[in-house]
Amino acid sequence: MDRYDPKTIEPKWQRIWADEHTWEVSNDFPDDRPKYYVLEMLPYTSGEPHIGHLKNYAVGDAVAHFHRRHGMYVLHPMGYDAFGLPAENHAIKTGQHPRASTDDSIAAFREQMRAWGISIDWTREFGTHQPEYYRWTQWLFLRLYERGLAYRKEAAVKWCPKDATVLANEQVIDGRCERCGTLVEARQLEQWFFKITEYADRLLDDMTRIEWPPHVVTMQENWIGRSEGAEVVFRCEELGIDYPVFTTRPDTLFGATFFVLAPEHPDVLRLNDSQQVHEYVNRALNESAEERGDEHKQKTGVALGHTVTNPATGEQIPMYVADYVLLEYGTGAVMGVPAHDTRDFEFAEAMGLEIRRVIDCGELPCTEDGTMVNSGRFEGLHNREAYEQIVDWLDSEGKGKRAVSYRLRDWLLSRQRYWGCPIPMVHCETDGLVPVPDDQLPVELPHVEDYAPKGKSPLASAEDWVNVTCPKCGGPARRDTDTMDTFVDSSWYFLRYCDPRNDEAPWDREVLKRWMPVDQYIGGVEHAILHLLYARFFVKALADMELLDVQEPFARLFTQGMITRDGAKMSKSKGNAVSPGDYVERFGADTARCYILFIGPPSYDADWQDAGVGGVHRFLSRLWIAASEAPSSDDEPSGSSGLLRKTHWAIDKVTRDMRTGFAFNTAIAAVMELTNEIYRQRDESPPADVRFAVATAGSLIFPFAPHLGAEVYEMMTGRRVWEEPWPEPDPALLAHDEIQLVVQVNGKLVDRLAAPSSASQDELEELARGSDKLAARLDGGEIVKTVVVPGKLVNFVVR
RNA sequence: GCCCGGGUGGCGGAACUCGGUCAGACGCGAUCGGCUUAAACCCGAUUGCCCGAGAGGGCGUGUGGGUUCGAAUCCCACCCCGGGCACCA
């Protein structure tokens with residue numbers, strides 16, 4: 001072999017790592033190395049790995065290797081998110097049974113991960129669709145049920161007509177199904193929910209305990225949407241009904257001139273069942289979320305012919321039904337303060353209602369602060385002050401109290417689809433909802449041939465499976481035929497990795513105590529809300545049940561940017577998707593991995609350009625050739641040759657780039673520089689220095705190109721690079737005894753001089769004054785000031 | 001509308017934490033040369049823009065201002081691109 005041949009090198013090392021179980025870690029913790037848990041988000045099994053996966057695992061693997069070589073015991077596992085709608089849709093499209101297509105996809109992922117040389121502990125591998133796994137998903141569901149955190153209720157839910165299933169709030173983007181883009185409809189259905197809202201405050205507050213990118217934190221904060229305000233009671237005297245509303249502006253209470261209920265509010269038709277109201281309500285219910293949510297839409301509504309009492313003024317104000325009020329938020333009713341709320345203002349204008357200013361601010365409608373007017377005894381106060389006093393007053397009168405409201409809704413988890421984890425509950429005519437006893441888990445997903453979505457769960461047709469005896473009374477009962485949202489499966493997989501073969505429990509608490517939390521989590525920003533919020537909720541709920549001992553699953557989060565190709569988003573339909581397999585085949589895994597890390601900071605979006613791949617391959621090839629041509633020497637490097645200095649510079653640069661974050665692009669560039677320097681200086685440098693430089697280049701490139709790194713290091717030293725500690729730079733070789741002194745006139749460079757790094761400020765100035773070019777540049781001008789920056793420059797201010 | 005990012009050569013990007021070496025590391029692309037019957041590969045040189053034969057000069061980090069001996073870096077205003085939230089009371 002006389003040229004760089006990844007087809008030989010890569011399988012060679014992969015075999016060694018597999019045969020020797022190099023990356024496996026034991027729960028017995030053989031020594032006192034500190035643990036480090038690095039995890040990339042598990043792949044979703046519809047189809048083959050794409051370039052985003054390559055990036056994800058290239059990043060994670062670099063982190064894993066770096067920490068191993070810093071003496072840590074690194075857990076780096078792998079599994080598959082195998083249930084769910086996209087996998088099922090993929091199966092329908094390819095005409096395969098989801099089980100078969102999922103298994104094909106898993107095989108493809110497993111194959112690629114090995115070909116990429118990712119350092120995974122394969123003994124911990126699993127798929128979330130395996131009964132050994134989802135048995136515990138069901139077990140956890142039952143624990144949540146016991147604590148009242150999983151419950152059934154009838155509610156207006158989001159329904160995707162194309163996928164024929166309900167969706168979680170989080171899976172509806174701009175009124176459309178996140179998966180297929182279809183406009184979602186509202187349906188009134190009884191469904192399973194997780195009570196994530198109970199954790200809203202903790203999910204918000206605990207964000208200070210984790211190191212996550214600020215924009216992800218903001219996204220979660222926005223999503224939870226905590227608002228502080230007051231609940232104020234408006235009484236309908238005529239019917240003797242109290243209507244509480246939530247408001248963030250109790251200070252504007254005196255300006256409430258009307259009162260509005262959401263169309264879905266159960267009292268609307270009781271208050272008025274005229275044809276006009278019926279029509280209005282029906283139209284609102286049939287509107288898509290997108291149409292209804294359009295901010296620019298003309299406000300509409302219908303008077304209900306009743307009044308409520310404004311608790312501040314005692315006035316009777318008219319009641320309306322209007323579709324700009326949402327049932328899900330607050331109490332499904334609002335007080336209308338047209339002077340100080342833009343929506344209420346528009347509504348009042350459309351309906352011809354009174355607009356009464358109660359804060360002296362700008363032009364109406366205005367939401368600014370100011371002095372209270374038309375507000376009884378709160379007159380003249382600043383509105384912020386009035387806010388507090390009005391709430392206190394309401395409280396003392398029993399007409400209201402401080403309150404907090406959230407945008408976050410409970411997590412709707414049931415799906416009317418086949419390919420998912422069955423919900424372990426039975427419906428008994430006598431006993432109602434009955435949980436399946438733990439010792440009967442898992443409730444296995446039956447094999448169903450006709451699994452196409454049809455609006456009710458395909459499981460309902462598996463009669464043998466559906467009909468069971470009630471665990472409580474032994475009478476006839478039916479299984480719940482819905483399956484769980486895939487996000488349930490992925491809300492706890494990182495816990496199972498710690499103890500994946502446990503068949504007594506989902507995990508051993510003591511084992512979890514040692515591995516958790518995940519020290520570094522890596523994945524796409526598209527999961528900033530859904531998965532990351534759900535997983536945090538699960539961990540908090542499980543901590544409350546004393547099943548584990550952390551409050552947060554992911555101590556640090558890194559979100560990688562998307563890969564585009566030649567500036568365009570990649571997609572199968574455009575036919576511009578980059579298949580990582582093709583590039584691994586052509587250039588080797590090391591090249592593909594390095595290239596994807598080299599094209600830019602991994603957190604940014606980056607553009608894949610075919611032409612660029614060759615450059616990285618050339619670099620790796622040059623490094624290999626440098627190793628094969630290195631002179632022999634048994635000496636240790638000594639002295640301070642230029643090459644030796646460059647080598648230590650590279651160690652320092654790569655180490656700092658990896659420490660300070662994920663600056664892999666500049667770390668790889670530094671190894672390129674070192675390699676270029678080896679070529680420039682290898683003929684003049686001592687052989688020991690050349691060997692050391694090449695070995696170090698191999699050692700430094702190892703986290704990114706593990707096969708080549710191991711090969712080059714072995715060629716130079718006969719040793720295994722992953723068993724070596726991460727190199728440390730020699731400070732003496734980082735320092736230079738000579739600096740380049742810059743001479744400036746008025747901030748513009750006129751000369752560069754060599755100066756001893758030990759020179760004092762006066763000496764530097766003296767030296768600079770001696771510059772020929774300075775003299776030429778001065779040309780009779782007068783030096784009015786001199787600025788000396790030690791170790792860098794001398795600037796003469798000249799008039 | 002509100003909240004985050006970000007605007008640097010033909011391109012991807014460095015430097016931008018601490019203002020300080022004519023900004024442009026590293027790589028791609030391009031041009032020229034070498035090797036070759038030839039091409040590819042490989043090797044070497046050049047490559048921000050403008051003027052100039054050259055020496056050299058001028059201009060340059062989205063735009064306009066400011067602070068400073070000195071600004072891509074700090075401050076103010078504005079423009080553009082990307083992302084998040086948005087009839088949430």
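Below, chains carry the letters A, B, ... as their sequence lines are ordered, and counting in each starts from 1.
- Atom-to-atom, CG of A:L327 to P of B:rC87 comes out at 16 Å; the value is rounded to the nearest Å.
- The only member of A:Y604, A:F704, A:F558 that meets ring pair (Phe, Tyr, Trp, His ring centres under 6.0 Å) when paired with A:F662 is A:F558.
- A straight line from CD1 of A:I701 to C1' of B:rC26 spans 12 Å, rounded to a whole angstrom.
- The cationic group of A:R409 does not satisfy the cation-pi geometry with A:W223, failing either the under 6.0 Å distance to the six-membered ring centre or the 45° limit from the ring axis.
- Across B:rU67 and B:rA15, the matching C1' atoms stand 22 Å from one another, rounded to whole Å.
- Here the CG-CD1 distance, from A:L620 to A:I625, works out to 11.0 Å after rounding to the nearest 0.5 Å.
- At a threshold of 4.0 angstrom between heavy atoms, the contacts of A:D605 are confined to the sugar-phosphate backbone, with no base atom among them.
- B:rG6 sits 14 Å from B:rC16 when the P atoms are compared, rounded to a whole Å.
- Base pairing of B:rA72 is not made with any nucleotide, judged by Watson-Crick or G-U wobble geometry with both donor-acceptor distances under 3.5 Å.
- With hydrogens and angles ignored, no donor-acceptor pair under 3.5 angstrom links the side chain of A:N222 to the base of B:rC85.
- Minimum atom distance to the side chain of A:M672 is reached by B:rG27, of the listed B:rG29, B:rG6, B:rG27.
- Checking B:rU63 for Watson-Crick or G-U wobble geometry (two distances, each under 3.5 Å) identifies B:rA77 as its partner.
- Taking atom P on both B:rU31 and B:rG70, the two are 43 Å apart, rounded to the nearest angstrom.
- RNA chain B is contacted by A:H215, A:M219 of residues 214-221 of chain A, taking any non-hydrogen atom closer than 4.0 Å.
- A:T247 contributes a side-chain N or O that, together with a main-chain N or O of A:R249, makes up a donor-acceptor pair within less than 3.5 Å.
- Distance check on atom P: B:rC43 versus B:rG24 gives 25 Å, rounded to whole Å.
- One interatomic measurement links the two molecules: CG of A:D610 to C1' of B:rC11, which rounds to 14 Å at whole-angstrom precision.
- For A:F598, whose side chain is taken as the heavy atoms from C-beta onward, the closest listed nucleotide among B:rC87, B:rG12, B:rA89 is B:rG12.
- B:rC18 and B:rC26: their C1' atoms are spaced 24 Å apart (whole Å).
- When distances run from any side-chain atom of A:N795 to the nucleotides B:rG70, B:rA25, B:rU21, the shortest one goes to B:rG70.
- Residue contacts shown for A:V616 are absent, as no nucleic acid heavy atom lies under 4.0 Å away.
- Across all strands shown, nothing is found opposite B:rA15 as a Watson-Crick or G-U wobble partner with both distances under 3.5 Å.
- The distance from atom CZ of A:R586 to atom C1' of B:rC41 is 14 Å, rounded to the nearest whole Å.
- A donor atom on one side chain and an acceptor atom on the other are found under 3.5 Å apart for A:Y280 and A:T300.
- B:rG29 and B:rG83 have their P atoms separated by 30 Å, given to the nearest Å.
- With RNA chain B read from its 5' end, the first of the two nearest nucleotides for A:V789 and A:Y324 is the one closest to A:V789.
- Salt bridge status for A:R769 with A:E766: absent, with no side-chain N to carboxylate O gap under 4.0 Å.
- Among B:rC11, B:rG20, B:rA89, the nucleotide with an atom closest to any side-chain atom of A:Q609 is B:rC11.
- Toward the 5' end of RNA chain B, the nearer of the two residues A:R622 and A:P601, judged by each one's closest nucleotide, is A:P601.
- In this structure, A:F246 and A:Y329 have perpendicular ring planes: the angle between them is above 60°, well past the 30° mark.
- Here the nucleotide nearest the side chain of A:V334, chosen from B:rC87, B:rA89, B:rG84, is B:rA89.
- Partner assigned to B:rU37 is none, using Watson-Crick or G-U wobble distances below 3.5 angstrom.
- Residue A:S227 places at least one side-chain N or O closer than 4.0 Å to OP1 or OP2 of B:rA89.
- Distance CD1 (A:I625) to P (B:rC42): 9 Å, rounded to an integer number of Å.
- Applying the Watson-Crick and G-U wobble criteria (two distances, each under 3.5 Å), B:rU46 pairs with B:rA30.
- Under the Watson-Crick or G-U wobble criterion, with both distances below 3.5 Å, B:rG56 is paired with B:rC51.
- Using P as the reference atom, B:rG57 and B:rC3 are 48 Å apart when rounded to the nearest Å.
- Under 4.0 angstrom from either OP1 or OP2 of B:rA25 there lies no side-chain N or O belonging to A:N676.
- B:rA55 and B:rU17 have their C1' atoms separated by 42 Å, given to the nearest Å.
- Phosphate proximity of B:rC42 to A:R618: present, with a side-chain N or O under 4.0 Å from OP1 or OP2.
- Taking the six-membered ring where tryptophan is involved, the planes of A:Y534 and A:W411 are essentially parallel, since the angle between them stays under 30° and well short of 60°.
- A:I599 comes within contact range of the sugar-phosphate backbone alone, with a heavy-atom separation under 4.0 Å but no base atom that close.
- Across the strands present, B:rC22 finds no partner; the criterion is a Watson-Crick or G-U wobble pair with both atom distances under 3.5 angstrom.
- A:Y583 pairs in a side-chain contact (heavy atoms from CB on, under 4.5 Å) with only one of the listed residues (A:T591, A:D610, A:I596), which is A:D610.
- For A:A669, the listed nucleotide lying nearest its side chain is B:rC26; candidates were B:rC69, B:rC26, B:rC11.
- For the pair A:Q560 CD and B:rG5 C1', the interatomic distance rounds to 17 Å; values are reported in whole Å.
- Looking at heavy-atom distances under 4.0 Å, A:Q744 makes contact with a base.
- Nucleotide B:rG82 has B:rC4 as its partner under the Watson-Crick or G-U criteria, with both atom distances under 3.5 Å.
- By the 30° and 60° cut-offs, the orientation of the rings of A:F234 relative to A:F259 is tilted.
- Between the side chain of A:Y243 and the main chain of A:T331, no donor-acceptor pair closer than 3.5 Å is present.
- Listed candidates were B:rC26, B:rG13, B:rC87. Nearest to the side chain of A:E673 is B:rC26.
- Glycosidic conformation of B:rG9 is syn; the angle stays within 90° of 0.
- Across all strands shown, A:G225 has no heavy atoms under 4.0 Å from either base or sugar-phosphate atoms.
- One atom, CG of A:L532, and another, P of B:rG84, lie 15 Å apart when rounded to the nearest Å.
- The separation between A:Q298 atom CD and B:rC87 atom C1' is 13 Å, rounded to whole Å.
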